[in-house]
Amino acid sequence: QVQLVESGGGLVQAGGSLRLSCAASGRTFSSYAMGWFRQAPGKEREFIASISASGAITYHADSVKGRFSISRDNAKNTVYLQMNSLKAEDTAVYYCAGARVPYASTRPVGYADWGQGTQVTVSS
């Protein structure tokens, strides 16, 4: 059973920063790609960023490119999302997702395992 546990969400002012963490257990973390998604009330789940199993390949959605950065530490079984220059429209529940292949997808269907989500609220 794979478990993904997010942390690091909270309330921050516009222009501020947060770093989300996602700790994985129950499988060989370093073999699989990881991703971050978010979902705001009344909206579909949105792809944010992905990272390959080795960490060599990353991809960020245009909406966060230059502000957010995904990374991973395979020794700690953890993936991170550094969020800078936060805007009110970044307010959402953020989800960590794990693939069952080494290379990531931008679509939710490409991920088999999901965390419970962590709330990020940006006040303007």
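Residue F29 shares its hydrophobic cluster (ILVMFWY side chains chained together at separations under 4.5 Å) with V2, L4, V12, L18, L20, M34, W36, I48, I51, V64, F68, I70, V79, L81, M83, L86, Y94, V120, V122.
Using modelled atom types, no side-chain atom of S50 and backbone atom of G35 make a donor-acceptor pair closer than 3.5 Å. No side-chain donor-acceptor contact under 3.5 Å links N84 to the backbone of G66.
Across all their heavy atoms, H60 and S69 have their closest contact at NE2-CA, 3.4 Å. Contact detail for W114 and P108: the closest heavy-atom pair is CZ2-O, 3.6 Å. Taking all atoms of both residues into account, the shortest heavy-atom contact from A40 to A92 is N-CB, 3.9 Å.
Counting non-hydrogen atoms of other residues, nucleotides and ligands closer than 6.0 Å to CD of Q119 gives a total above 12.
With hydrogens and angles left out, the side-chain atoms of E46 and S63 include a donor and acceptor closer than 3.5 Å. Side chains of D73 and T78: no donor on one and acceptor on the other come within 3.5 Å.
Partners of R19 according to the salt bridge (Lys or Arg N to Asp or Glu O under 4.0 Å) rule, which considers only residues two or more places apart in sequence or in another chain, do not exist here. In terms of the salt bridge (Lys or Arg N to Asp or Glu O under 4.0 Å) criterion, residue partners of R67 (sequence neighbours excluded) are, by chain and number, D90.
S21 contributes atom OG, which lies 9.5 Å from atom NZ of K76 (distance to the nearest 0.5 angstrom). In this structure, SG on C22 lies 5.0 Å from CD on E6, to the nearest 0.5 angstrom. Of the inter-residue distances, the one linking S31 atom OG with R100 atom CZ reads 12.0 Å to the nearest 0.5 angstrom. In this structure, C96 SG and D113 CG are separated by 9.5 Å, a value rounded to the nearest 0.5 Å. Atom OG in S30 sits 5.0 Å away from atom CG in N74 (nearest 0.5 Å). Taken to the nearest 0.5 Å, the CZ atom of R45 stands 15.0 Å off from the CZ atom of R107.
Ring centers of Y95 and F37: at least 6.0 Å apart, outside the cut-off.
S17 is listed as a side-chain neighbour of Q82, based on a closest heavy-atom distance under 4.5 Å. Two residues are said to be in side-chain contact when any heavy atoms from C-beta on lie closer than 4.5 Å; Y59 and S52 fail this criterion. For the pair P102 and Y32, the minimum side-chain heavy-atom distance is 4.5 Å or more.
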